[in-house]
Amino acid sequence: MCSLGGGAIQARAQTCGPVRIDAGLGQLASSWQEYDNQQRRLLRESGLLSVLQIGVQAECFGLGWEAGLHHAQGQREYVGNITTGGTIQTSSSIEQTELRVEGRKVIAPQWWLGGRLAYQQIERDLASAGAVLGYPELYRYWRAALGTGYRLWQGTDSRLLGDAWIGGGPGGRMLLRLPGDDPATLSLGSSRHVNIGLEWWSQRPPEGTPGWSWHLRLEHGLEQIEAGSAQAITRNGIVVGAALQPKTRISGTGLSASLSYYFY
């Protein structure tokens with residue numbers, strides 16, 4: 001067993017800031033598009049998703065650390081092209097969850113640099129349309145990013161911040177359950193993404209005093225997942241065809257409001 005003396009506790013207090021807990025709600029205008037190998041669009045989905053997010057942030061020894069969970073769910077309208085001509089219209093139920101950890105380092109009075117690692121899971125359930133039966137898909141993949149931020153404006157009781165992130169990740173997996181067929185796991189291609197955001201923060205509590213603040217965030221993100229490789233589709237163990245996940249482009253513009261509590 002070891003103990004911290006008063007000097008160690010005082011040193012920690014001088015090098016660490018408050019711990020901040022965040023909780024917020026928002027809306028995300030979401031779009032999903034898929035393309036074949038000749039860059040022809042196969043389908044488009046668009047809709048408004050409800051967002052819930054929670055996180056914890058701490059600053060120690062000149063570094064800021066943050067862990068967060070972002071969850072969005074709702075429905076998107078689906079319009080797909082049919083190979084024989086025409087379109088098919090239905091809807092998809094969406095649940096997407098991101099677990100994220102990131103670190104930031106202030107490099108100048110108004111600038112910071114950071115890194116982020118995130119695990120993404122997307123549940124996409126296509127509704128039936130007439131004689132065409134719907135089916136569920138489950139996507140899982142990792143991605144990493146580098147980012148920078150800048151304090152655009154500082155007032156007496158609020159501030160405006162901007163940030164930008166760019167990154168990507170290796171290929172993930174998608175679990176496909178087609179009607180009547182055995183479950184299949186398809187590979188996803190590598191991904192890359194960009195994200196930009198603006199945040200309006202209220203004044204934080206006085207130094208050393210627990211308390212509340214709030215902030216608004218407007219952001220836009222764009223992600224592209226390359227096509228995966230073909231996987232055999234079986235029915236009762238017998239091969240009946242093949243499937244692959246085509247190139248996918250996901251975009252979203254979101255607005256959220258969050259409350260933050262600081263404690264020492």
Side-chain angles (χ1 to χ4, degrees), residues 20-34 41 43-57 66-80 89-102 114 116-127 134 136-141 143 145 147 149-150 152-153 158-167 169 191-204 212-225 248-261:
R20 192 187 79 217
I21 304 295
D22 301 326
L25 298 172
Q27 294 285 297
L28 176 67
S30 173
S31 172
W32 176 291
Q33 301 177 75
E34 296 180 5
R41 190 167 72 189
L43 64 90
R44 174 184 172 86
E45 295 179 5
S46 60
L48 197 61
L49 309 182
S50 297
V51 176
L52 168 66
Q53 51 196 28
I54 57 175
V56 58
Q57 191 263 0
E66 186 170 348
L69 181 147
H70 297 248
H71 180 78
Q73 67 178 52
Q75 286 198 330
R76 293 193 297 241
E77 297 302 313
Y78 174 109
V79 179
Q89 298 186 23
T90 182
S91 64
S92 63
S93 296
I94 305 298
E95 287 197 36
Q96 57 187 51
T97 302
E98 182 183 68
L99 295 172
R100 173 194 301 172
V101 292
E102 65 183 56
R116 174 184 291 172
L117 178 65
Y119 171 76
Q120 187 86 8
Q121 177 174 292
I122 302 173
E123 298 177 63
R124 180 171 172 252
D125 194 348
L126 300 177
E137 301 172 337
L138 176 60
Y139 298 77
R140 295 190 177 107
Y141 57 97
R143 60 186 189 177
Y150 184 73
L152 298 167
W153 178 81
S158 61
R159 63 192 188 276
L160 179 64
L161 311 175
D163 61 79
W165 297 83
I166 184 168
S191 68
R192 59 184 186 271
H193 71 276
V194 294
N195 183 278
I196 57 174
L198 287 173
E199 291 185 345
W200 184 280
W201 280 83
S202 70
Q203 186 177 20
R204 61 188 290 175
W212 296 90
S213 73
W214 57 266
H215 70 273
L216 302 175
R217 179 171 176 84
L218 175 65
E219 65 180 332
H220 178 75
L222 176 63
E223 180 174 26
Q224 180 165 295
I225 304 174
T248 305
R249 291 176 184 163
I250 309 168
S251 63
T253 300
L255 177 64
S256 62
S258 297
L259 278 176
S260 301
Y261 185 76

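Residues satisfying the salt bridge (charged side-chain N to carboxylate O under 4.0 Å, His left out) criterion with Arg124, sequence neighbours excluded, are Glu34, Glu45, Glu137. With sequence neighbours left out, the salt bridge (charged side-chain N to carboxylate O under 4.0 Å, His left out) criterion links Arg159 to no other residue.
Using modelled atom types, one side-chain atom of His220 and one backbone atom of Gly252 make a donor-acceptor pair closer than 3.5 Å.
Proximity of Arg217 to Asp163: side-chain heavy atoms (C-beta onward) are separated by under 4.5 Å at one or more points. With contacts defined as side-chain heavy-atom distances shorter than 4.5 Å, the pair Trp32/Leu43 qualifies. With a 4.5 Å cut-off on side-chain heavy atoms, Leu138 and Arg140 count as touching. The side-chain heavy atoms of Tyr139 and Ile225, taken from C-beta on, include no pair separated by under 4.5 Å. Within the 4.5 Å cutoff, no side-chain heavy atoms of Leu28 are placed close to those of His70. Counting only heavy atoms from C-beta outward, the side chains of Arg44 and Ser31 approach each other to under 4.5 Å.
For the atom pair Trp212 CH2 and Ile21 CD1, the distance stands at 10.0 Å (nearest 0.5 Å). To the nearest 0.5 Å, atoms OG (Ser50) and CD1 (Ile94) are separated by 13.0 Å. Distance check: Glu102 CD to Arg116 CZ gives 4.5 Å after rounding to the nearest 0.5 Å. The CG atom of Leu48 lies 11.5 Å from the CZ atom of Arg76; values are rounded to the nearest 0.5 Å. With rounding to the nearest 0.5 angstrom, the CG atom of Leu152 is 11.0 Å from the CD atom of Glu199. Atom OG of Ser256 sits about 9.0 Å away from atom CG of Leu25, to the nearest 0.5 Å.
Contact between Ala257 and Leu216 at its shortest, heavy atoms only, is CB-CD2, 3.6 Å. Contact record, Ser258 with Gln53: OG-NE2, 3.4 Å, taken as the closest heavy-atom pair. Between Gln27 and Val51 the shortest heavy-atom distance is C-CG2, 4.3 Å. Counting all heavy atoms, side chain and backbone alike, Ser213 lies closest to Arg204 at CB-CA, 4.3 Å. Nearest heavy-atom pair across Leu49 and Ser30 is CD1-CB, 3.8 Å. Residues Gly162 and Leu198 share a closest heavy-atom pair of CA-CD2, 4.1 Å.
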For this session: Report the C-alpha separation of Leu161 and His215 in whole Å, then their side-chain angles, then the decisive distance to 0.1 Å, and conclude whether the side chain to side chain contact (heavy atoms under 4.5 Å, CB included) test is met.
Result: CA-CA 10 Å; Leu161 311 175; His215 70 273; over 6 Å; no
Problem set entry | Derivation of the side chain to side chain contact (heavy atoms under 4.5 Å, CB included) call for Glu98 and Arg143 | CA-CA 10 Å; Glu98 182 183 68; Arg143 60 186 189 177; 2.8 Å; yes
